[in-house]
**Q** 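Encoded as structure tokens, here's the structure I'll be asking about.
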Amino acid sequence: MHNHGNYIISLGNLCRWLAEQAEGLGVEVYPGFAASETIVEDGQVKGIITGDMGVARDGSEKDGFMPGMELRAKYTLFTEGCRGHLGKRLINDFKLDEGKDPQHYGIGIKELWDIDPAKHEPGLVIHTTGWPLNESGSTGGSFLYHLENGQVYVGLISDLSYSNPHMSRSTSSSA
Ligand SMILES: Cc1cc2nc3c(=O)[nH]c(=O)nc-3n(C[C@H](O)[C@H](O)[C@H](O)COP(=O)(O)OP(=O)(O)OC[C@H]3O[C@@H](n4cnc5c(N)ncnc54)[C@H](O)[C@@H]3O)c2cc1C
């Protein structure tokens, strides 16, 4: 929990910047295209297939219909986040979780606040370990990151192991 000398950054801005660097190196970025299938041949991952575009609710093809593209590569890296649907399939098919600790999950929310400049301290990081969730018998914690321009990231992470089904209500009333 020690963050002295580190930077507070926006992951969204970092990713936009990284995309520019990658494109400058000749990488093709396809924003808005979801990988919908993996290509597995001879027991090896060979690439992915993107989803069809322009499909109506009833499954019929609309005017701008574009079939998914096959993208093949020497290496395919899956970076869908902690619970991607392709990842889940690969974990299952290749038994990647055998003998491993099971994944566990939390849910996080974040807001960007403009606060009173007199209370703003750029670089200030505050974590609350447990609070205010411990009052409802749940685990998790919160954070306050003071960015530049009088703004603060305010967030709360709650582990999804809570036993109190009314946690959201009791948390908000105690916060
Ligand atoms: C509210 C909140 C606050 C947090 N604060 C911090 C913090 O202060 N510091 C810190 O270090 N960490 C923080 N984290 C955790 C951090 O954000 C994550 O650990 C990190 O973003 C995980 O990165 P990732 O690349 O594995 O997945 P993600 O960031 O989840 O990226 C996965 C990407 O893949 C895309 N995707 C999914 N499926 C497909 C598909 N089939 N085809 C194409 N694209 C797909 C998704 O749209 C997404 O853009 C926070 C998380 C939350 C929720």
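All figures in this text were calculated on a predicted structure; none of them were measured in a lab.
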**Q** Is there a path from Val45 to Leu96 through hydrophobic residues (I, L, V, M, F, W, Y) whose side chains come within less than 4.5 Å of each other?
**A**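 Yes: a chain of side-chain contacts under 4.5 Å links Val45 to Leu96.
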**Q** Quick one: CD on Gln44 to OG1 on Thr38, what's the gap to the nearest 0.5 Å?
**A**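 Atom-to-atom, Gln44:CD and Thr38:OG1 are 13.0 Å apart.
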**Q** Taking the side chain as every heavy atom from C-beta outward, state whether Gln103 and Cys82 have any atom pair closer than 4.5 Å.
**A**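 Yes; the side chains approach each other to less than 4.5 Å.
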**Q** Main chain of Gly68, side chain of Asp52: is a donor-acceptor contact present, judged purely on distance under 3.5 Å?
**A**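 Confirmed, Asp52 side chain pairs with Gly68 backbone.
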**Q** Test question: given the 4.5 Å side-chain rule for I, L, V, M, F, W and Y, name all other residues clustered with Trp113, or answer none.
**A**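 ILVMFWY cluster around Trp113 also holds Ile115, Leu124, Ile126, Leu144, Val152, Val154.
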**Q** Write out all pairs satisfying ring pair (Phe, Tyr, Trp, His ring centres under 6.0 Å) with one or both partners inside residues 18-49, taking only residues at least two apart or from two chains.
**A**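 Found Tyr30-Phe33.
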**Q** Calculate, to the nearest 0.5 Å, the distance between atoms CG and CD belonging to Leu90 and Glu80 respectively.
**A**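 Those atoms lie 8.0 Å apart.
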**Q** Are Leu18 and Tyr7 co-members of a hydrophobic cluster defined by side-chain heavy atoms under 4.5 Å apart?
**A**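 Yes: a chain of side-chain contacts under 4.5 Å links Tyr7 to Leu18.
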**Q** Determine yes or no for a side-chain-to-main-chain donor-acceptor pair under 3.5 angstrom, with Asp116 supplying the side chain and Ala118 the backbone.
**A**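 It does hold such a pair.
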**Q** When rounded to the nearest 0.5 angstrom, what distance separates CG in Leu156 from CD1 in Ile107?
**A**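 Interatomic distance, Leu156 CG to Ile107 CD1, rounded to 0.5 Å: 10.0 Å.
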**Q** Applying the 4.5 Å side-chain criterion to the ILVMFWY set and letting contacts propagate, would Ile157 and Ile109 be lumped into a single cluster?
**A**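 In one cluster with Ile157: Ile109, no.
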**Q** Are any of the side-chain heavy atoms of Leu147 and Leu112 separated by less than 4.5 Å?
**A**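 A side-chain contact under 4.5 Å exists here.
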**Q** What distance do Met66 atom CE and Thr50 atom OG1 have between them, rounded to the nearest 0.5 Å?
**A**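 With rounding to 0.5 Å, CE (Met66) is 7.0 Å from OG1 (Thr50).
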**Q** Does a sphere of radius 6.0 Å around CD in Gln21 hold more than 12 heavy atoms from other residues, nucleotides or ligands, not counting ones at 6.0 Å or beyond?
**A**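 Yes, enclosed.
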**Q** Of the non-hydrogen atoms in Ser142 and Thr128, which two are nearest, and what is the gap between them?
**A**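 In terms of heavy atoms, the two residues are closest at OG-OG1, 2.5 Å.
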**Q** Could you tell me whether the side chain of His104 reaches within less than 4.5 Å of the side chain of Asp159, counting heavy atoms only?
**A**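 Counting from C-beta outward, Asp159 and His104 never come under 4.5 Å.
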**Q** For the residue pair Asp58 and Ser60, confirm or rule out a side-chain donor-acceptor distance under 3.5 Å.
**A**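 Note: Asp58 and Ser60 side chains meet the donor-acceptor criterion.
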**Q** Is there a chain of hydrophobic side chains (I, L, V, M, F, W, Y, each step under 4.5 Å between heavy atoms) that links Val55 to Ile49?
**A**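 Each belongs to a different hydrophobic cluster.
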**Q** Looking only at heavy atoms, what is the nearest atom pair of Ser158 and Leu133, with distance?
**A**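 Reported closest heavy-atom pair: CA-CD1, 4.1 Å.
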**Q** Do you know the tightest heavy-atom contact between His120 and His146?
**A**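 Heavy atoms only, the tightest pair is CD2-ND1, 3.5 Å.
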**Q** Any side-chain heavy-atom pair from Val125 and Phe143 closer than 4.5 angstrom?
**A**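 Sidechains of Phe143 and Val125: no contact.
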**Q** What do you reckon, are the aromatic ring centroids of His127 and Tyr145 less than 6.0 Å apart?
**A**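 Ring centres of Tyr145 and His127 closer than 6.0 Å.
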**Q** How far does CZ of Arg57 sit from NZ of Lys62, to the nearest 0.5 angstrom?
**A**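 Here the interatomic distance stands at 9.0 Å.
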**Q** Which atom names give the shortest non-hydrogen contact between Ser138 and Tyr162, and what distance separates them?
**A**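 Minimum heavy-atom separation between Ser138 and Tyr162: OG-CB, 3.4 Å.
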**Q** Look at atom CD1 of Ile9 and say whether more than 12 heavy atoms of other residues, nucleotides or ligands are closer to it than 6.0 Å.
**A**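 Yes.
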**Q** Answer yes or no: does atom NZ of Lys119 have more than 12 heavy-atom neighbours from other residues, nucleotides or ligands under 6.0 Å?
**A**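 No, not enclosed.
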**Q** How long is the straight-line distance from CZ of Arg83 back to NZ of Lys88, given to the nearest 0.5 Å?
**A**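 CZ of Arg83 is found 4.0 Å from NZ of Lys88.
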**Q** Tell me the closest heavy-atom pair linking Ser10 and Tyr153, and the distance in Å.
**A**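 What the structure gives for the nearest pair is CB-OH, 3.3 Å.
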**Q** Would you please name every residue forming a side-chain contact (heavy atoms from CB on, under 4.5 Å) with Asp93, sequence neighbours left out?
**A**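 For Asp93 the side-chain contact (heavy atoms from CB on, under 4.5 Å) partners, ignoring immediate neighbours, are Arg89.
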**Q** Between Glu41 (side chain only) and Lys46 (backbone N and O only), is there a donor and an acceptor less than 3.5 Å apart?
**A**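 Not a single qualifying donor-acceptor pair exists.
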**Q** Looking only at non-hydrogen atoms, find the nearest pair between Ile39 and Glu70 and report the distance.
**A**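 That closest heavy-atom pairing would be CD1-CG, 3.5 Å.
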